[in-house]
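Accompanying notes for the structure given below.
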Amino acid sequence: MWAVFALLSAVFAAFTSILAKIGIEGVHSNLATALRTVVVLAMVWGMVFLTDAQHGIVNISRKSWLFLILSGLATGASWLCYYKALQLGKASKVVPIDKLSVVITLILAVIFLHENITAKSVIGSLLITVGTLCMVL
């Protein structure tokens with residue numbers, strides 16, 4: 001089931017890029033990011049209450065709070081940079097570079113999570129990097 005959600009994530013991410021590029025025209029990138037964030041917050045908190053998950057908030061450990069907050073800060077920084085890049089550049093160039101996060105994530109997963117790297121992961125990462133360069137140059 002995780003693969004279905006991962007694929008849906010990719011589809012929605014693609015729509016996010018196209019819709020954002022259209023919507024950001026004439027709007028300051030930070031304002032556009034803030035507006036998007038309000039919509040995301042409303043949607044996600046709606047899902048929390050719809051699924052009755054709000055009661056679990058009291059069970060979140062300090063470690064989880066810390067890393068969820070850090071993750072949120074990284075997300076905010078990513079969104080701010082992404083919207084500025086979209087405003088300044090072509091979506092067909094910005095999005096492939098943004099997707100290099102796959103390669104960076106694999107590297108960070110090895111360093112911080114001690115996940116194993118396989119030959120397939122290395123080859124895939126190289127192909128993603130080369131593919132990105134081909135699309136951007």
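Remember, it's a predicted structure, so these values are computed and weren't measured experimentally.
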Handout entry: Qualifying residue for side-chain contact (heavy atoms from CB on, under 4.5 Å) with I104, from I107, V102, L108, L106
Key = L108
Measure the [atom1]-[atom2] distance between [X] and [Y] for me, rounded to the nearest 0.5 Å.
{"X": "S78", "Y": "L73", "atom1": "OG", "atom2": "CG", "value": "12.5 Å"}
{"X": "L35", "Y": "Y83", "atom1": "CG", "atom2": "OH", "value": "9.0 Å"}
{"X": "W2", "Y": "L7", "atom1": "CH2", "atom2": "CG", "value": "10.5 Å"}
{"X": "L66", "Y": "I60", "atom1": "CG", "atom2": "CD1", "value": "12.5 Å"}
{"X": "I128", "Y": "K99", "atom1": "CD1", "atom2": "NZ", "value": "11.5 Å"}

Problem - Sequence neighbours excluded - side-chain hydrogen bond (donor to acceptor under 3.5 Å, both in side chains) pairs with any residue from residues 10-38 - result: S17-Y82
Completion exercise
Residue pairs meeting side-chain hydrogen bond (donor to acceptor under 3.5 Å, both in side chains), one or both in residues 56-66, sequence neighbours left out, come to S61-S64
Mind checking whether [X] and [Y] sit in one hydrophobic cluster, side chains of I, L, V, M, F, W, Y counted as touching below 4.5 Å?
{"X": "F12", "Y": "V4", "value": "yes"}
{"X": "I24", "Y": "V95", "value": "yes"}
{"X": "M135", "Y": "L137", "value": "no"}
{"X": "L126", "Y": "I117", "value": "yes"}
{"X": "I111", "Y": "L100", "value": "yes"}

Which heavy atom in [X] sits nearest to a heavy atom in [Y], and how many Å separate them?
{"X": "L86", "Y": "A20", "answer": "CD1-CB, 3.7 Å"}
{"X": "V136", "Y": "K93", "answer": "O-NZ, 3.2 Å"}
{"X": "P96", "Y": "A91", "answer": "CD-O, 3.9 Å"}

Exercise for the section: Using only heavy-atom distances, determine whether the side chains of T118 and S121 contain a donor-acceptor pair under 3.5 Å. Expected result: yes
Practice task
Test V40 against M43 for side chain to side chain contact (heavy atoms under 4.5 Å, CB included), laying out the working first.
Solution key: CA-CA 5 Å; V40 171; M43 181 179 165; 5.7 Å; no
Problem - Residue list, side chain to side chain contact (heavy atoms under 4.5 Å, CB included) with M1, at least two apart or on another chain - result: F5
Practice task
Go through the steps to decide whether I57 and Q54 satisfy the test side chain to side chain contact (heavy atoms under 4.5 Å, CB included), and finish with yes or no.
Solution key: CA-CA 6 Å; I57 201 165; Q54 71 275 13; 6.0 Å; no
